[in-house]
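Before any comments, here is the structure.
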Amino acid sequence: MLATSHGRLQARPRGCDASVCVGTACFYVSIGGDGPPTVAAPLREVQELTAQRVPRATARSTPSAHKEEIAAAFDEMAELLAIRGENPFRVRAYQRAAQVIRGLTRPLAEFRGTKELDALPGIGADLAAKIDELLHTRRLAALERLRRQVPAGLRELLNLPGLGPVRVRALNRKLHVRGIEDLRRAVATGRLARTSGFGPALQGRLERALAAGTAAPKRWLWSAAAESAEPLRSFLQSLNGIAEVEVAGSYRRGRDTVGDLDLVVCGRPDVDLAAALRRYGDLQSLVAAGPTRCTVLLRNGMQADLRLVGRRSLGSALTYFTGSRDHNIRLRRRAQERGLKLNEYGLFRGHRRIAGATEKEVYRALGLPWIPPELREDRGEIEAAERRSLPKLIELGDLCGDLHAHTDASDGNEPLARMIEAARGRGLGFLAITDHSRYLGIVRGLDAGRLARQIDAIDALNATLREFVVLKGVEVDILEDGRLALPLAILRRLDVVVAAVHSHFTLPETRQTERILRALEHPCVSILAHPTGRLIGERAAYAADFGRIIAAARARPCYLELNAQPSRLDMDDVMCKSAREHRVLVSIASDAHAGSQLANVVHGIRQARRGWLTAADVVNARPLREVRALLARTRL
DNA sequence: GCCGTTTTCGGCCCGACTGTTTTCAGTCG
């Protein structure tokens with residue numbers, strides 16, 4: 001997968017070596033195979049990848065690698081069972097288990113036996129045993145049996161529009177379709193047209209999807225989705241009869257990538273959404289249109305689902321379309337338990353609507369405080385709400401400064417003075433200049449001599465500044481063996497040392513982990529930058545034991561960065577939450593290479609909120625005096 | 001396959017839209 005300049009994630013050319021899993025979204029993998037990319041690597045392929053990289057004898061899997069491997073296996077189980085026509089609730093149980101596993105902030109290896117696994121929500125004795133089997137053997141007999149029964153190519157068909165498990169099974173049974181090429185032939189030879197259940201409309205849809213190329217869900221970086229969402233919102237807002245427009249869905253939950261846009265349009269019931277949308281300049285086609293619901297395709301290929309609701313339903317509609325699906329299911333079950341019914345139109349007792357106009361009203365009627373959208377993933381937020389212990393999530397205004405920025409002394413685009421001006425313009429009280437060290441070949445990194453001159457220049461500058469301080473820093477490379485790329489003497493002169501991995505991403509897991517742990521032992525390191533090295537949709541996190549890294553950061557102490565570049569957002573939400581649970585402070589850093597990029601922190605704030613972080617969990621959400629004290633604690 | 005303060009069996013969230021059904025199944029969110 002590659003992130004294009006528009007942020008749209010596309011199939012990566014052959015030879016790409018990574019499975020890319022972002023939050024709960026699993027992107028294509030092309031792991032040496034010749035076939036078309038598939039969603040969520042089959043376990044077999046993950047095993048092959050792991051085997052290439054980690055010699056069996058020394059393999060010590062990361063919690064995250066284990067988690068993703070197991071979650072992917074359960075996702076595959078779910079799809080194969082669905083195609084076989086098994087009980088949909090059984091299918092759902094596997095999907096839910098995969099979600100639960102992805103959201104775990106504790107390494108699976110810490111769970112002692114199946115009893116503890118069994119205690120996880122949605123995991124019973126059977127799934128606990130399967131997790132255990134995967135943990136110990138990295139295989140799953142039940143999955144291997146299923147694979148022998150269901151042709152591998154059928155899973156990919158599920159990604160085509162209009163094809164669900166029932167029709168895929170019908171294609172296989174009636175036309176002996178075993179994969180996408182078989183389907184293409186069935187369409188071309190007219191066999192599909194003669195098959196009952198596949199009328200001209202459905203066939204046309206399939207033909208268009210097949211012509212468009214790969215059958216796979218696409219996801220956009222949140223920042224790219226915003227470029228489509230905000231103009232569409234403004235357009236709708238300007239229409240007659242429309243009171244309010246909200247972008248809901250994963251966009252509102254602030255996920256780092258977004259699959260499509262969900263818009264809740266509050267207006268008069270006689271508003272003709274479809275007619276209005278036909279006049280929208282960015283429209284490619286109208287996919288479906290009813291009186292209350294429309295699906296459109298935008299010119300860039302992004303899909304938007306719109307729902308027209310009345311004012312009395314705005315809150316319940318917003319809750320419903322914000323999701324996540326698992327969060328909604330929990331809310332609806334909660335309503336059921338109280339003899340109520342929750343749908344997008346409101347919360348009902350019998351036919352009487354008892355809530356619905358605002359989200360707060362709906363949650364209150366369910367006995368809960370309002371839950372911020374970023375937390376609605378069924379990762380403990382409902383339990384926390386019940387206990388009245390939801391975190392007070394950090395906000396943009398809480399940030400007092402930024403601890404990671406570059407100037408044109410290394411690979412930045414603007415001189416120090418411009419960066420300071422931009423930081424002051426944003427109301428910040430301090431900015432750490434952390435240009436690259438020299439080791440990195442692709443940038444004009446600083447050696448000890450140039451860094452010494454920058455330190456002197458910053459000292460002189462600070463003497464002239466009022467109510468603003470430039471912190472002296474560096475983004476120093478962690479060498480392959482865990483040493484840092486600059487000598488101790490120069491690092492001692494700095495206020496903040498941000499250490500980062502920029503090379504040797506494919507070291508075996510144990511070596512990568514030891515490398516980073518060694519770097520964290522350095523007496524000057526304050527912050528580990530972009531801790532997993534991922535580039536969303538392009539490069540997976542490197543193999544490392546992040547549980548050990550978090551524990552080391554806690555013990556030392558030093559801090560972990562949440563890099564706010566929209567294509568990094570590294571750490572992800574689950575790792576942020578894990579850092580918080582281990583009481584490791586986080587630096588939300590713009591990693592700006594120009595003054596305007598200091599605004600990156602809005603993406604970091606979104607991710608931090610998804611990771612349950614409060615202002616107290618964030619280093620740079622404190623005044624400079626406290627930040628200095630915290631940085632001093634990292635000096636050994 | 002999970003789950004339970006009515007339940008260890010029988011439930012499992014709910015509704016819109018499409019297409020080809022001739023009264024509703026399948027898909028999607």
Side-chain angles (χ1 to χ4, degrees), chain A residues 74 77-78 81-100 117-131 142 146 157-171 193-206 209 217 248-253 258-264 273-274 286-296 303-309 313 316-348 366 378:
Chain A
F74 284 178
M77 285 288 297
L81 289 169
I83 292 170
R84 276 179 57 87
E86 300 281 346
N87 177 356
F89 295 103
R90 188 174 169 218
V91 172
R92 177 83 193 109
Y94 279 98
Q95 291 170 339
R96 161 106 171 105
Q99 288 293 94
V100 167
L117 290 167
D118 198 345
L120 288 169
I123 309 286
D126 182 275
L127 287 176
K130 287 192 167 73
I131 294 171
L146 267 177
L157 296 182
L158 291 174
N159 296 321
L160 288 167
L163 286 193
V166 175
R167 289 180 181 146
V168 166
R169 195 166 64 253
L171 285 173
R194 295 191 296 273
T195 308
S196 71
F198 293 86
L202 182 55
Q203 168 149 347
R205 240 176 126 190
L206 289 174
S250 52
Y251 182 86
R252 182 161 179 249
R253 299 202 310 280
V258 172
D260 62 8
L261 299 175
D262 297 289
L263 288 99
V264 176
L273 268 187
L286 207 56
V287 178
T292 65
R293 182 174 168 172
C294 266
T295 299
V296 299
Q303 183 173 302
D305 297 316
L306 300 94
R307 270 305 267 277
L308 182 65
V309 301
S313 299
S316 46
L318 206 47
T319 303
Y320 178 62
F321 289 105
T322 296
S324 64
R325 180 166 72 152
D326 288 329
H327 181 87
N328 282 348
I329 288 174
R330 291 288 303 275
L331 289 186
R332 291 191 156 174
R333 202 171 290 160
R334 199 177 169 85
Q336 274 189 335
E337 287 162 8
R338 288 163 171 70
L340 307 171
K341 187 170 79 166
L342 178 62
N343 58 29
E344 53 265 58
Y345 300 108
L347 182 63
F348 296 88
L366 292 172
D378 192 18

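Naming: A, B, ... by sequence-line order, numbering from 1 per chain.
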Q. When the C1' atoms of B:dT8 and B:dC13 are considered, how many whole Å apart are they?
A. 24 Å
Q.
Run A:R330 and A:D326 through side-chain contact (heavy atoms from CB on, under 4.5 Å) and show every step you take.
A. CA-CA 6 Å; A:R330 291 288 303 275; A:D326 288 329; 5.8 Å; no
Q | Whole-Å P distance, B:dG19 and B:dG1 | A | 36 Å
Q) On a whole-Å scale, what distance lies between the P atoms belonging to B:dA16 and B:dG11? A) 25 Å
(Q) Using OP1 and OP2 only, check whether a side-chain N or O of A:Q203 sits under 4.0 Å from B:dG19. (A) no
Q | Donor-acceptor pair, side chain of A:R169 and main chain of A:I83, under 3.5 angstrom | A | yes
(Q) Reading DNA chain B from 5' onward, which residue's closest nucleotide shows up sooner: A:R307 or A:A93? (A) A:A93
(Q) Could you tell me how far B:dT6 sits from B:dG10 if I compare only their C1' atoms? Round to whole Å. (A) 13 Å
Q. Roughly how far apart are A:L340 CG and A:L347 CG, rounded to 0.5 Å?
A. 5.0 Å
Q.
If you compare every side-chain N and O of A:Q95 against the phosphate oxygens of B:dG1 (OP1, OP2), does one of them come in below 4.0 Å?
A. no
Q: Determine: side-chain N/O of A:T292 to OP1/OP2 of B:dC17, distance under 4.0 Å, yes or no.
A: yes
Q. Is there a side-chain contact between A:R167 and A:F198 (heavy atoms, below 4.5 Å)?
A. yes
Q | A:E344 side chain reached by A:V309 side chain, heavy atoms, under 4.5 Å | A | no
Q) Considering only side-chain heavy atoms of A:D126, which listed nucleotide, B:dG29, B:dG15, B:dC2, is closest? A) B:dC2
Q.
Apply the syn/anti split at 90° from 0 to B:dT7 and say which one it is.
A. syn
Q) Is the backbone N or O of A:P161 less than 3.5 Å from a side-chain atom of A:R205, with the two atoms forming a donor-acceptor pair by type? A) no
Q.
Between B:dT22 and B:dC12, how many Å separate the two C1' atoms, rounded to a whole number?
A. 31 Å
Q | Side-chain (A:N328) to main-chain (A:Y320) donor-acceptor, under 3.5 angstrom | A | yes
Q) Taking only side-chain nitrogens and oxygens of A:R293, does any of them come within less than 4.0 Å of OP1 or OP2 of B:dA16? A) no
Q. Does the B:dG1 base have a donor-acceptor partner in the side chain of A:N87 within less than 3.5 Å?
A. yes
Q: Tell which nucleotide pairs with B:dG10, taking only Watson-Crick or G-U wobble pairs whose two distances are both under 3.5 angstrom.
A: B:dC3
**Q.** Nearest-angstrom distance, C1' atom, B:dC9 to B:dC14
**A.** 24 Å
Q: Scan residues 325-334 of chain A against DNA chain B and write down, sorted by residue number, each residue with any heavy atom closer than 4.0 Å; if none is found, say none.
A: A:I329, A:R332, A:R333
Q: Using the closest heavy atom to pick a nucleotide of DNA chain B for each, name whichever of A:L340 or A:R167 lands nearer the 5' end.
A: A:L340
Q) Is A:Y320 near enough to B:dC28 that one of its side-chain N or O atoms lies under 4.0 angstrom from OP1 or OP2? A) no
